[in-house]
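The structure appears right after this line, and notes come after that.
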There are 2 protein chains.
Amino acid sequence: MADETRANVLLAVQELNYKPNAVARSLMNARTKTLAIIFPNVSDGFSGTVLSGVEDAAHAQGFSIIVCKTGGGRERTLDYLQLLAEKRVDGIIFASEVLLPEYATFIQKLRIPLVVLSGESSDPSVPTLRCDDRLAAYTAAAYLISLGHERIGMIYGGAYGTPEQNGRVRGFEEAHRDHGLALTEGQVQLMDGFAFKDGQVGGQRLLATLTDLTAVFASSDELALGVMSAAHARGLQVPDDLSVMGFDDLPLAEMCLPPLTTVRQPLYGMGRRAASLLLDHLQGIQKLGENVVFPTTIVERQSVRRR
Amino acid sequence: MADETRANVLLAVQELNYKPNAVARSLMNARTKTLAIIFPNVSDGFSGTVLSGVEDAAHAQGFSIIVCKTGGGRERTLDYLQLLAEKRVDGIIFASEVLLPEYATFIQKLRIPLVVLSGESSDPSVPTLRCDDRLAAYTAAAYLISLGHERIGMIYGGAYGTPEQNGRVRGFEEAHRDHGLALTEGQVQLMDGFAFKDGQVGGQRLLATLTDLTAVFASSDELALGVMSAAHARGLQVPDDLSVMGFDDLPLAEMCLPPLTTVRQPLYGMGRRAASLLLDHLQGIQKLGENVVFPTTIVERQSVRRR
DNA sequence: CTGAAAGCGCTTACAG
DNA sequence: CTGAAAGCGCTTACAG
């Protein structure tokens with residue numbers, strides 16, 4: 001093409017303010033360049049951090065992200081799945097929820113690439129990105145024990161499923177067993193959720209019943225803040241009277257007082273990875289199907305002290 | 001149509017797992033049923049809460065939300081705007097950022113409905129949803145003064161623009177003037193951002209210089225937590241030695257210790273409203289163009305006490 | 001009321 | 001290499 005022609009075209013593009021129509025393009029090549037992420041809740045630090053990673057990875061490849069908030073409800077989840085199917089998203093990240101068989105088959109019938117992030121998957125054929133919950137909890141409990149704690153309460157937020165299915169509860173129990181420590185009735189509290197309120201009531205319950213506790217291991221940071229609140233309400237100082245340990249390492253873990261000692265999950269990185277797994281798959285670079293487990297680390301701040 | 005035929009069609013829909021193709025539909029009627037929201041950052045409680053409201057309102061009408069994180073950068077923002085233009089989103093919510101004239105004209109040329117949420121708009125023709133910053137800050141300062149505080153520090157996070165442009169700073173100053181209280185050098189600290197770290201360094205600065213301060217008014221909750229952290233580092237107890245007041249009423253305001261007394265912005269409701277403004281406009285129910293200002297309220301918790 | 005045709009704005013395969 | 005045509009899956013206006 002003559003340079004002059006090209007210049008003229010570009011000029012027209014400018015003048016008419018022409019933008020290529022991505023929806024027409026999508027109709028042709030059956031690719032929308034959009035990924036969806038499904039959360040039960042979208043306003044907490046967990047979702048926010050994951051989303052941040054997902055967004056960065058997607059944006060780098062010119063993809064955009066649709067966020068879906070289900071409130072954990074079956075109805076709304078199915079509703080969303082239908083919508084995403086109609087919108088022809090290229091991939092779905094199912095985050096921090098239980099992937100019911102019903103959801104899995106719905107998505108698989110549509111042949112939409114799917115990845116589960118930090119949630120329970122009932123279907124082994126769906127790749128999962130998570131930390132080793134059992135190991136992480138084992139390590140956390142062993143850490144507290146090594147600091148001289150012998151009576152440690154635990155609060156778990158995912159009361160669905162049996163305790164055996166809860167890796168974090170199992171790891172906690174195994175660490176006790178391996179260190180010759182017995183667990184008594186009510187020492188691990190199973191709550192319905194991972195939120196602050198759950199931690200408050202769980203913490204209250206724990207501290208009211210088991211007055212000899214010197215530490216509490218909470219399976220989320222929000223839960224841990226709830227425990228701190230409950231401790232405060234009983235006139236207990238953290239960490240002097242009670243050590244509190246969290247899980248996740250959300251932004252608020254370093255904003256609170258005392259700053260929270262916690263088990264860090266690399267949530268931003270997990271989000272990035274979930275997106276690139278899907279992205280690579282879409283470009284045919286690699287098959288989907290491998291689970292990936294991320295390392296956790298204990299980050300020591302000031303809510304735990306030696307006994 | 002015969003009932004039998006209808007049944008057969010429905011059966012085929014089932015068997016073939018047919019889902020209507022929304023992208024083909026969008027190509028036809030030039031409506032994508034998707035809204036975009038643009039944030040500088042997506043992982044904080046502010047964005048999360050707003051997003052939650054936006055999502056609810058949009059979902060109720062069958063719309064989905066694309067989230068865009070700009071990091072506050074001009075480059076990435078423009079990049080996103082181009083992408084959104086190509087994807088033919090039906091509306092854009094520009095949240096908690098400065099709407100540069102450059103952005104405004106880009107969007108207006110494309111005739112994409114636009115709304116600014118809690119950010120500065122340089123363009124009066126763009127509808128804005130916000131609280132009355134000046135009034136809110138005035139009220140907060142007056143509240144502290146009414147509790148007997150006479151030496152109050154302030155930290156503001158939006159150091160761009162002149163102090164006169166900062167409603168919160170102005171309100172703070174006017175309350176002092178109206179109560180016959182003088183402000184001294186360094187009593188209001190202008191920081192670059194509204195984050196925890198900014199609060200820490202601003203708080204440090206404030207407490208190191210002005211040792212007679214009995215209260216600090218921070219213009220965001222994260223900033224307030226930073227101040228609490230700085231106070232703690234100097235051995236000051238909140239609220240006994242120093243009262244701290246925040247702004248926003250994010251979820252973390254009630255999770256921290258002591259729970260934060262703060263100026264509440266109805267962020268969830270603002271998000272909902274921003275979305276329905278756009279949605280109503282798209283359905284021709286009403287014109288865009290009115291600014292809407294939301295009421296703030298002081299929520300008293302435990303980080304402030306009477307002098 | 002029913003059914004065939006045109007068209008939305010692209011991309012891709014094909015003819016010249 | 002260039003250019004016209006077909007087709008992606010819908011909706012809408014129009015003919016029968």
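Numbered from 1 within each chain, the chains take letters A, B, ... in sequence-line order.
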Fill in: Sidechain N-carboxylate O distance under 4.0 Å for Asp248(A), Arg264(A)
no
Worksheet item: Less than 4.0 Å between a side-chain N and a carboxylate O, is that true for Lys33(B) and Asp90(B)?
Response: no
Item to complete: Mind calculating the distance between CZ (Arg31(B)) and C1' (dC10(D)) to the nearest angstrom?
Response: 16 Å
Discussion item. Any strand counts, and the cut-off is 3.5 Å on both contacts for Watson-Crick or G-U wobble. Which nucleotide pairs with dA4(C)?
Written reply: none
Worksheet entry | Distance, rounded to the nearest Å, where Asn21(B) contributes CG and dG9(C) contributes P | 17 Å
Item to complete: Rounded to the nearest angstrom, tell me the gap between atom CG in Leu27(B) and atom C1' in dG7(C).
Response: 9 Å
Worksheet, complete the sentence: Paired to dA13(D) by Watson-Crick or G-U wobble criteria (both distances under 3.5 Å) is none
Worksheet item: So does Arg74(A) pair up with Glu102(A), basic N to acidic O under 4.0 Å?
Response: yes
Worksheet, complete the sentence: To the nearest angstrom, the CE-C1' distance between Met28(A) and dG7(C) comes to 16 Å
Worksheet entry | Where Arg273(B) and Val292(B) come nearest, the two heavy atoms and their spacing | NH1-CG2, 3.8 Å
Practice prompt. Rounded to the nearest angstrom, tell me the gap between atom NZ in Lys19(B) and atom P in dG9(D).
Written response: 16 Å
Response to the item:
Ranking dC10(D), dT11(C), dG9(C) by distance to the side chain of Arg25(A), first place goes to dT11(C)
